Structures are given as structure tokens and as C-alpha cells.
Visitor: 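Quick one: the structure is below, questions incoming.
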Amino acid sequence: MLQQTQVDRVIPRYVQFLERFPNIETLAAAPRADVVRAWRGLGYNARAVRLAEFGREVQERFVRIPQETEALRSLPGVGPYTAAAIRVFAFELDDVAMDTNLRRVTHRLKFGIEYPPLASARTIDETARALLPRGNAHDFNSALMDLGATICTARAPKCLVCPLRDACAAAPISASVLDARKRRMRVAPPARFRSTTRFARGRIVDRLRALPPGAGISLLDLQRALDADVDAALLERVPALLSDLEADGIVQRRGEAYALSE
DNA sequence: AAGGCGGGGAT
DNA sequence: ATCCCAGCCTT
């Protein structure tokens, strides 16, 4: 849930999710569509599909969630960050969970303002590892993430109250300078969000999620339901979007009707 | 290496 | 209005 989604918005969903799926056995036994339904409001619905698969594969291949990086990485939805996060926060092992916060904090601390980038991802990672205190990875990761989320923020960092100010290569950062450097790097202006396929996909899945379990909806009815929210140009592309969603394992076609994939 | 994938809070 | 978020997977 925390992959590209802010902590404050995850917490209530996470609590609800654990009520419905309190352990890996329950998750493994649950229909995929149940997991996708429980995911409402979180976005990036493919993560729900991967989590459902994660549950099944853990039970099938490992019984319990493994601790080794290689084994974790072999599971669906588990990349470099998530594998390290499980090791650090669930198992108290020494590792670096390099998320967007740690990346930004480390860059600023050791190399200066991150626009333009002054170090490769690999170098950033090695730099953070060199700072990791043995036996205190949980505190280390937690502290730097919180620092990044509250003080060393992406937009307007609060260097004046930062405990690392004196040791920081970037401090004090002026918000306007940060903005200017960032703008200088920008290439093409992004499209209006409501006219993106991304928006339409989200509306489609949300409509299917609202269906009674087991029920489906025809293409025509679906387009009718989306008419108020989605541009006409995008409405024509709903069939293609449904195919994409089907390929992603989110949607299932049943004859002329569409539903969440079981 | 680049592009796709959501939704909502913060500024 | 725009930015950004405890990334991952596919091409």
C-alpha cells in the first residue's frame, strides 16, 4: 500500500484491510476480486492483484514470509524497496529501504540540492549504506523517512529546524531556488489529468468495484455510467482500456459483460 | 532507460 | 492548479 502512496492515507485502509485479511492464510484463500474491492481509494490497482498473488505464492512456496532478499524479490509486487522494508521493519535486519525520502535526504545531505542529480542511484544507495548503524536499521530507516516526510520535504524543506542542518551539503535550501532548478529540468508540460487514460482506467475499475459481487456490466451500460465523468474521446477508447485491464488481471470478460477478475 | 499505472492531500 | 507520494513491472 505504501508504494507511491502517502502514509496518512494508507493507515485507515490498512486497518480495514487487516480486519478483512488478518493473516497470510486468509489472504491466500481470498478471491482476487475481494482484494481489489478492499483496495478502493488507494489507486494503482495492479498492486492489489500482486498482493493477492503474493499471498498465494508465499503459502505455496515458503509457507511463511521469507527473510532473504532473493526470496522476497522473487515474489510478485516486491521490488528493491519492499524487500528491504520487510527485512528492516518486520524482521529487524540490517538493510536500507531506499524510498523516495531516503533518496532525497541522502542526496541533499551528502551531495547538495538534487536538481540536477549529482549522484547515481547506485552511489546514493552506497552512501546511505555507509551511514547505516549496525543493529539499528529500524530506527535509522524510520528516522530518515520521517525526516524526509516532515522536514526535508520535496517542495519546501524546513532547513531552519532540521537536526542535520550543520552536517548537510544542501542546507539552507531556499524554496524558490529549488523551484527554479527543478523548472529548468522540465521538458514537456503534462496533459490535463481528466483527459488522460489513467483517469478513465480508474473510473472504470471503480464502477466495476461498485457492482454486486458476481454481477457484470455490459460495455454500453458501462459507457453510459462513465459518460458524466469521462471525455467523449476517452469514452470511445473504453473497449481498448478494458482489454488492457484484462491483460493486467484486474478485469474479467464474461460473454458480453465485464466484472472484476476473480 | 523509459513509460505506464491512481487517487488524494499539501501548497 | 500543480506537485508529490514507504515503487514495480513491462517494453
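On a predicted model such as this, the values are computed, not experimentally measured, just so you know. Protein chains get the first letters and strands the later ones, always in sequence-line order, with residue 1 at the start of each.
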Visitor: Any donor-acceptor pair under 3.5 Å linking the side-chain atoms of A/R61 with those of A/S74?
Guide: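 On atom types as modelled, these side chains qualify, holding a pair under 3.5 Å.
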Visitor: Taking atom CZ of A/R254 as the centre, report whether more than 12 heavy atoms of other residues, nucleotides or ligands fall under 6.0 Å from it.
Guide: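 It does: A/R254 CZ has more than 12 such atoms within range.
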Visitor: Does A/R237 CZ have over 12 foreign heavy atoms under 6.0 Å away?
Guide: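 For A/R237, atom CZ is not crowded (no more than 12 foreign heavy atoms under 6.0 Å).
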Visitor: Establish, with yes or no, whether the OP1 or OP2 oxygen of C/dC3 is under 4.0 angstrom from a side-chain nitrogen or oxygen of A/R186.
Guide: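 Yes, A/R186 has a side-chain N/O under 4.0 Å of OP1/OP2 on C/dC3.
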Visitor: For C/dC8, does either OP1 or OP2 sit under 4.0 Å from a side-chain N or O belonging to A/T82?
Guide: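 A/T82 to C/dC8 OP1/OP2: side-chain N or O found under 4.0 Å.
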Visitor: What is the separation between atom OH on A/Y44 and atom P on B/dG8, rounded to the nearest whole Å?
Guide: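 Whole-Å distance recorded here is 14 Å.
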Visitor: Can you tell which of B/dC5, B/dG7, C/dC4 lies closest to the side chain of A/R203?
Guide: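 Looking only at heavy atoms from C-beta outward on A/R203, the closest nucleotide is B/dG7.
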Visitor: Give a yes or no on this: more than 12 heavy atoms of other residues, nucleotides or ligands lie within 6.0 Å of atom OH of A/Y14.
Guide: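 Check fails, neighbour count at 12 or below.
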Visitor: Using the side-chain heavy atoms of A/Y115, tell me which of these nucleotides is nearest: C/dC4, B/dG7, C/dC5.
Guide: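 Selected nucleotide (nearest to the side chain): C/dC4.
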Visitor: Please report the C-alpha distance between A/R87 and A/T69 in whole Å, then the side-chain angles of each, then the deciding distance to 0.1 Å, and finally whether the side-chain hydrogen bond (donor to acceptor under 3.5 Å, both in side chains) criterion is met.
Guide: CA-CA 8 Å; A/R87 288 167 55 76; A/T69 301; 3.3 Å; yes
Visitor: Give the rounded distance in Å between these two atoms: CZ of A/R155 and C1' of B/dG9.
Guide: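 One finds 11 Å between C1' of B/dG9 and CZ of A/R155, rounded.
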Visitor: Starting from C1' on B/dA10, measure out to CG on A/D8 and report it in whole angstrom.
Guide: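 Taking CG of A/D8 and C1' of B/dA10, I get 11 Å after rounding.
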Visitor: Between A/A156 and A/L245, name the one whose nearest nucleotide on DNA chain B is closer to the 5' end.
Guide: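 Mapping each residue to its closest nucleotide by heavy atoms, the 5'-most match is A/L245.
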Visitor: With a cut-off of less than 4.0 Å, is there a side-chain N or O of A/T197 near OP1 or OP2 of B/dG4?
Guide: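 The answer is no; no side-chain N or O of A/T197 sits under 4.0 Å from OP1 or OP2.
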Visitor: Tell me: CZ of A/F193 to P of C/dC5, nearest whole Å?
Guide: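 That distance rounds to 17 Å.
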Visitor: Can you tell me the distance, in whole Å, between the CZ atom of A/R50 and the C1' atom of B/dC5?
Guide: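 After rounding, the gap between these two atoms is 8 Å.
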Visitor: Checking all strands, does A/V78 fall into the base, sugar-phosphate, or nothing category for heavy-atom contacts under 4.0 angstrom?
Guide: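 Sugar-phosphate: the residue A/V78, judged by heavy atoms under 4.0 Å, touches backbone atoms but no base.
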Visitor: Taking only N and O in the side chain of A/K182, is any of them less than 4.0 Å away from OP1 or OP2 of C/dC4?
Guide: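 A/K182 to C/dC4 OP1/OP2: side-chain N or O found under 4.0 Å.
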Visitor: A/T26 vs A/N23, test: side-chain hydrogen bond (donor to acceptor under 3.5 Å, both in side chains). Steps then yes/no.
Guide: CA-CA 6 Å; A/T26 310; A/N23 50 51; 2.6 Å; yes
Visitor: Return the nearest nucleotide to the side chain of A/Q6; candidates are B/dG7, C/dC8, B/dC5.
Guide: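 Minimum distance to the A/Q6 side chain belongs to B/dG7.
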Visitor: At 4.0 Å (heavy atoms only), tell me whether A/A46 reaches a base, stays on the sugar-phosphate, or touches nothing.
Guide: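 Nothing, no nucleic acid heavy atom in range.
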Visitor: Does a side-chain N or O of A/T5 approach OP1 or OP2 of C/dC5 to a distance below 4.0 Å, or not?
Guide: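 No.
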Visitor: Taking only side-chain nitrogens and oxygens of A/Q4, does any of them come within less than 4.0 Å of OP1 or OP2 of C/dC5?
Guide: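 Answer is no, no contact under 4.0 Å.
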Visitor: Report the residue (A/K158 or A/G41) whose heavy-atom-nearest nucleotide on DNA chain B is the more 5′ of the two.
Guide: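 Its nucleotide being nearer the 5' end, the pick is A/G41.
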Visitor: How long is the line joining CG of A/L241 and C1' of B/dG6, in whole Å?
Guide: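 Answer to the nearest Å: 14 Å.
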Visitor: How close or far is atom P of C/dG7 from atom CG of A/N45, stated in whole angstroms?
Guide: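 From A/N45 CG to C/dG7 P: 17 Å.
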Visitor: Look at all strands and tell whether A/L42 reaches a base, only sugar-phosphate, or nothing, counting heavy atoms closer than 4.0 Å.
Guide: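 If one applies the 4.0 Å heavy-atom cut-off, A/L42 turns out to touch a base.
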Visitor: Consider the side chain of A/R9, meaning its heavy atoms from C-beta on, and name the nucleotide among B/dG6, B/dT11, B/dC5 that approaches it most closely.
Guide: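 Among B/dG6, B/dT11, B/dC5, the one nearest the side chain of A/R9 is B/dG6.
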Visitor: What contact category does A/R73 fall into here, base, sugar-phosphate, or nothing, at under 4.0 angstrom with non-hydrogen atoms?
Guide: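 No contact.
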Visitor: Please confirm whether any donor atom in the side chain of A/R201 sits under 3.5 Å from an acceptor in the base of B/dC5, or the reverse.
Guide: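 No, the side chain and the base share no sub-3.5 Å donor-acceptor pair.
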Visitor: Distance between the C1' atoms of C/dC9 and B/dG8, in whole angstroms?
Guide: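 24 Å, rounded to whole Å.
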Visitor: Can A/T196 and A/R201 be counted as having a side-chain donor-acceptor contact under 3.5 angstrom?
Guide: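 There is no such pair between these side chains.
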Visitor: Using whole Å, what does the distance between atom P of nucleotide B/dG8 and atom CZ of A/R40 come to?
Guide: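 From A/R40 CZ to B/dG8 P: 9 Å.
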Visitor: Select base, sugar-phosphate, or nothing to describe what A/G79 touches, counting heavy atoms under 4.0 Å on all strands.
Guide: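 Sugar-phosphate contact only.
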